[in-house]
Colleague: 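Just dropping this structure here.
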Amino acid sequence: NILERKSEAKNPFYRVVELNDTLTDPALWGKNFPLQYDTYRRTVDQVRTRFGGSEAMPRTPSQADPRSIVAQSRLEEDPRLRTMWAGYAFATDFREERGHAYMLDDQTYTERQIVAQQPGACLNCHASTYTAMKTLGGGDLVKGFEAINRLPYAEARALVTHPVACIDCHAPDTMQLRVTRPAFMEGIRAAKAAEGVKDYDVNRDATRQEMRAYVCGQCHVEYHFQGADKRLVYPWSKGLKVEQMLASYDEAKFKDWTHAETGAPVLKAQHPEFEMWSQGIHARSGVACADCHMPYMRVGALKISDHHVRSPLLNVNLACQTCHRWSEDELKARVLTIQERTFGLRNLAMDALIALIGDIKGAAADGHTEAQLAPARDFQRKAQFYLDFVEAENSMGFHAPQEAARILAESIDFTRKGQVAVREVRPP
Amino acid sequence: NILERKSEAKNPFYRVVELNDTLTDPALWGKNFPLQYDTYRRTVDQVRTRFGGSEAMPRTPSQADPRSIVAQSRLEEDPRLRTMWAGYAFATDFREERGHAYMLDDQTYTERQIVAQQPGACLNCHASTYTAMKTLGGGDLVKGFEAINRLPYAEARALVTHPVACIDCHAPDTMQLRVTRPAFMEGIRAAKAAEGVKDYDVNRDATRQEMRAYVCGQCHVEYHFQGADKRLVYPWSKGLKVEQMLASYDEAKFKDWTHAETGAPVLKAQHPEFEMWSQGIHARSGVACADCHMPYMRVGALKISDHHVRSPLLNVNLACQTCHRWSEDELKARVLTIQERTFGLRNLAMDALIALIGDIKGAAADGHTEAQLAPARDFQRKAQFYLDFVEAENSMGFHAPQEAARILAESIDFTRKGQVAVREVRPP
Amino acid sequence: MKLPVAVLMLVVAAGLALGVGAYTFVYARGASYLTNDPAACANCHVMREQYDGWIAGSHRAVAVCNDCHTPPGLVSKYATKALNGFWHSFAFTTGRFHEPIQINARNHAVTEAACRHCHAAVVESIDAGRHGAARLTCTGCHASVGHLQ
Ligand SMILES: [Ca+2]
Ligand SMILES: [Ca+2]
């Protein structure tokens with residue numbers, strides 16, 4: 001009854017440890033906040049949903065890769081991905097993502113590390129890098145950020161021990177949310193500037209509700225490494241929409257790699273959850289990532305944020321039903337309807353792109369000149385980035401259903417134009 | 001004043017007329033229900049929204065067409081429509097639709113009546129045909145329906161005087177909603193049968209909330225005239241989705257006309273509001289047409305359904321805010337976001353289709369054989385029906401945002417395949 | 001019960017100044033604003049929906065209108081009641097108010113305070129837990145708590 005609760009709750013947290021800005025180990029923070037810590041540790045669970053969660057696949061550990069369990073391979077699920085990414089590290093190893101607890105190991109041991117030389121910049125989103133950056137920078141976060149980016153991966157890896165931890169999202173004194181990733185600070189400032197908001201400082205200007213999404217946007221975003229210093233940059237200078245990102249890549253003449261089968265200068269989109277969400281009805285309604293992926297839960301007299309960050313479909317009751325009065329089955333069915341539609345279009349767009357790749361390959365073999373191939377290759381670059389934008393986004397369209405379908409429709413249109421272009425010309 | 005308000009509340013209406021099943025004139029019904037009648041008469045208003053409403057265009061009345069005001073021409077707004085419909089009556093005259101008050105005149109005087117011989121079947125959705133059908137059928141509604149369908153338009157036209165009236169949606173004794181159109185009774189029975197529901201009788205089995213959409217579904221649907229008897233049929237035997245309707249047309253080898261520029265056997269989709277809505281989140285949430293297009297309004301102490309059927313964007317407070325706590329401007333902006341996305345894709349799909357039509361025309365000129373042209377023509381048929389399905393649907397995607405985008409994406413994919421097909425072969 | 005009477009007089013006086021308002025306030029039992037009986041609120045047909053929503057809602061057994069729509073503490077309580085009672089009477093009579101009725105900023109704040117008052121225990125950790133942090137609005141997630149939508 002309420003009265004009891006009142007007394008119980010006088011002080012929800014017992015400060016047994018004096019936290020400060022140098023303590024990375026979540027176990028220490030967990031002493032003050034055992035409930036959050038306990039849920040945080042549950043991100044090791046692996047449960048599969050139709051398009052999300054992850055499946056625990058046993059493997060025999062090796063010297064190079066000691067993991068005894070990994071998530072299922074997306075390349076085996078859909079071999080067309082190998083063709084789409086031909087010549088790029090992703091074509092050798094790409095798996096379904098799983099809980100936060102695995103982020104550091106999965107990055108360390110992915111075969112993508114073997115086929116390519118990766119920079120320290122990778123670590124920004126796979127480890128608790130906050131204190132490491134502070135130390136490297138002699139107290140200056142940005143200096144440390146720049147330093148860690150350009151280190152070879154192995155060296156940088158030696159500086160970190162934990163996956164994302166409390167300190168990466170929370171201020172130790174007040175427990176308020178904070179952004180600790182310079183790449184997001186700079187990215188969101190650029191995005192706001194594009195909207196006409198000058199000198200945006202996320203930790204100063206963001207509302208609490210916004211922070212409930214921004215802490216996730218530190219990592220769940222499209223990115224690239226800029227220049228020799230491997231600076232981690234989010235391509236938002238023109239805005240968060242797919243066409244705006246492509247425009248900024250085109251402007252910088254940036255490419256991730258040259259396609260092995262067609263010679264096209266192509267791009268790889270990666271987990272643009274934040275960007276996709278920003279175009280959806282939930283973002284527009286002020287619903288943040290944490291509302292669905294870290295819903296409040298009752299623990300005794302208290303209500304806490306479920307730090308077991310996972311697919312909301314594994315937790316529909318708390319994640320959705322406070323706002324939506326539909327049954328659990330009905331809500332799951334609604335998500336599935338959206339996802340199946342997206343998946344259907346994703347497959348159409350994929351078949352189309354594979355056909356275009358075949359066409360260009362064939363044309364090159366027929367002796368089409370570079371100049372003749374250029375237009376079709378550019379359409380491949382566009383179609384591929386748009387398709388990959390939805391493919392790499394991990395909600396299979398749910399975060400912005402119509403926008404995801406719109407992007408796939410445009411991808412198909414680019415392919416169409418590419419297939420026409422390659423047929424318009426005959427080899428000299 | 002408040003005294004009235006209190007007394008008003010006691011007796012909602014006064015029976016001044018004894019209504020029966022033969023009284024068509026809404027003015028008579030209006031004597032018992034003056035509030036509904038007054039709002040019903042306001043459908044003469046013409047106000048434009050970005051994609052809906054209608055614009056009042058003055059014209060000089062003529063012998064053939066006495067209308068002094070019409071709605072804007074959609075053909076002038078987008079001349080590509082003339083190419084898409086080349087050889088069909090719609091290419092000569094197609095206008096934005098307007099309020100119910102105009103339905104009979106607009107059908108009587110459209111130039112589509114001049115370029116083609118239209119049957120009485122047209123009247124099912126443009127006039128209060130209930131009593132006319134009853135009389136023609138000697139008390140048997142279906143007999144009367146069959147009789148009016150096969151009459152020449154002019155003869156059938158002489159049998160009716162009013163646009164849709166009270167009697168078409170209401171039972172005179174109870175004022176309960178009812179379906180009076182055999183084409184809908186048969187269509188919905190077929191659709192339910194496809195879902196495994198046997199012997200569905202809409203007036204017996206539908207819930208009140210369903211009736212709030214079904215009365216509209218009597219007319220706001222895709223249709224065709226079957227056989228020499230011109231029976232009005234809704235193509236729902238396989239279901240309400242675009243691919244299911246196309247499948248039933250393909251099965252029946254049905255075509256609306258032969259495309260004048262390509263010789264393809266093509267189809268014209270028409271106002272599938274009911275079918276599109278059925279695929280959207282509002283239908284899924286049990287929100288009916290009447291909830292948004294005829295919202296309850298307070299008149300003194302009474303709440304009545306606003307019979308001024310119109311664009312909800314002209315009435316956002318009552319149409320939306322009862323369920324959505326957003327400001328009027330915000331709600332309008334949400335609709336516009338959805339509509340602009342749909343419109344963008346519609347234009348991409350349209351450009352694509354026009355290109356395909358050009359390709360086929362060109363190939364025919366180059367001497368491609370009928371057999372060689374067949375595959376491309378079939379893709380045109382598909383791409384055209386899908387595009388027209390969204391183009392003819394009058395909410396510009398709002399009734400089912402992701403579904404509308406999905407349909408346009410598939411239309412573009414059909415065009416892509418058609419353009420490839422036409423290029424795969426060389427004339428003999 | 002001195003205070004309520006005093007306030008009532010005050011409102012009636014203000015009403016007389018405006019005539020119609022006070023007339024309604026009395027005639028339409030605007031005084032029901034001063035009672036605690038939810039049915040009294042529903043004296044106004046325009047309150048019917050909220051009344052029905054409350055009956056269907058989860059709080060019917062635990063909270064009446066005034067628990068959520070008036071601040072705790074006698075003075076502020078009757079001040080709010082008088083203010084709302086008067087203006088709503090006025091709005092009701094003139095028929096000049098936004099449809100559907102929407103809570104205004106002041107009353108929204110009152111309601112939020114009410115949530116926190118009763119649920120202090122439950123929300124302490126998420127709400128008062130960290131100094132300086134802005135508050136999340138309860139109804140952002142619990143919109144249907146007072147009135148089942
Ligand atoms: Ca996953
Ligand atoms: Ca219109």
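A note on names: the letters A, B, ... follow the listed sequences, proteins ahead of strands, and every chain is numbered from 1.
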Colleague: Once rounded to the nearest 0.5 Å, what's the spacing between atom CD1 of A:Ile338 and atom CD1 of B:Ile281?
Modeller: 6.0 Å
Colleague: Return the minimal non-hydrogen interatomic distance between A:Ala409 and B:Ile412, and the atom names on each side.
Modeller: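 That would be O-CD1, 4.1 Å.
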Colleague: At a 4.5 Å cut-off on heavy atoms, which part of A:Ala333 comes close to chain B: side chain, backbone, both, or neither?
Modeller: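 Both backbone and side chain.
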Colleague: Less than 3.5 Å apart and able to act as donor and acceptor by atom type: which atom pairs between chain B and chain A qualify?
Modeller:
{"unit_1": "B:Gln279", "atom_1": "O", "unit_2": "A:Arg341", "atom_2": "NH2", "d": "3.1"}
{"unit_1": "B:Arg284", "atom_1": "O", "unit_2": "A:Arg334", "atom_2": "NH2", "d": "3.4"}
{"unit_1": "B:Arg284", "atom_1": "NE", "unit_2": "A:Glu330", "atom_2": "OE2", "d": "2.8"}
{"unit_1": "B:Arg284", "atom_1": "NH1", "unit_2": "A:Thr337", "atom_2": "OG1", "d": "3.3"}
{"unit_1": "B:Arg284", "atom_1": "NH2", "unit_2": "A:Glu330", "atom_2": "OE1", "d": "3.1"}
{"unit_1": "B:Ser285", "atom_1": "OG", "unit_2": "A:Arg334", "atom_2": "NH1", "d": "3.2"}
{"unit_1": "B:Ser285", "atom_1": "OG", "unit_2": "A:Arg334", "atom_2": "NH2", "d": "3.2"}
{"unit_1": "B:Glu330", "atom_1": "OE1", "unit_2": "A:Arg284", "atom_2": "NH2", "d": "3.2"}
{"unit_1": "B:Glu330", "atom_1": "OE2", "unit_2": "A:Arg284", "atom_2": "NE", "d": "2.8"}
{"unit_1": "B:Arg334", "atom_1": "NH1", "unit_2": "A:Ser285", "atom_2": "OG", "d": "3.2"}
{"unit_1": "B:Arg334", "atom_1": "NH2", "unit_2": "A:Arg284", "atom_2": "O", "d": "3.4"}
{"unit_1": "B:Arg334", "atom_1": "NH2", "unit_2": "A:Ser285", "atom_2": "OG", "d": "3.2"}
{"unit_1": "B:Thr337", "atom_1": "OG1", "unit_2": "A:Arg284", "atom_2": "NH1", "d": "3.2"}
{"unit_1": "B:Ile338", "atom_1": "O", "unit_2": "A:Gln402", "atom_2": "NE2", "d": "3.2"}
{"unit_1": "B:Arg341", "atom_1": "NE", "unit_2": "A:Glu403", "atom_2": "OE1", "d": "2.8"}
{"unit_1": "B:Arg341", "atom_1": "NH1", "unit_2": "A:Gln402", "atom_2": "OE1", "d": "3.0"}
{"unit_1": "B:Arg341", "atom_1": "NH2", "unit_2": "A:Gln279", "atom_2": "O", "d": "3.1"}
{"unit_1": "B:Thr342", "atom_1": "OG1", "unit_2": "A:Gln402", "atom_2": "NE2", "d": "3.1"}
{"unit_1": "B:Gln402", "atom_1": "OE1", "unit_2": "A:Arg341", "atom_2": "NH1", "d": "3.0"}
{"unit_1": "B:Gln402", "atom_1": "NE2", "unit_2": "A:Ile338", "atom_2": "O", "d": "3.2"}
{"unit_1": "B:Gln402", "atom_1": "NE2", "unit_2": "A:Thr342", "atom_2": "OG1", "d": "3.1"}
{"unit_1": "B:Glu403", "atom_1": "OE1", "unit_2": "A:Arg341", "atom_2": "NE", "d": "2.8"}
{"unit_1": "B:Arg416", "atom_1": "NH1", "unit_2": "A:Gln419", "atom_2": "OE1", "d": "2.7"}
{"unit_1": "B:Gln419", "atom_1": "OE1", "unit_2": "A:Arg416", "atom_2": "NH1", "d": "2.7"}
{"unit_1": "B:Arg423", "atom_1": "NE", "unit_2": "A:Glu424", "atom_2": "OE2", "d": "3.2"}
{"unit_1": "B:Arg423", "atom_1": "NH2", "unit_2": "A:Glu424", "atom_2": "OE2", "d": "3.1"}
{"unit_1": "B:Glu424", "atom_1": "OE2", "unit_2": "A:Arg423", "atom_2": "NE", "d": "3.2"}
{"unit_1": "B:Glu424", "atom_1": "OE2", "unit_2": "A:Arg423", "atom_2": "NH2", "d": "3.1"}

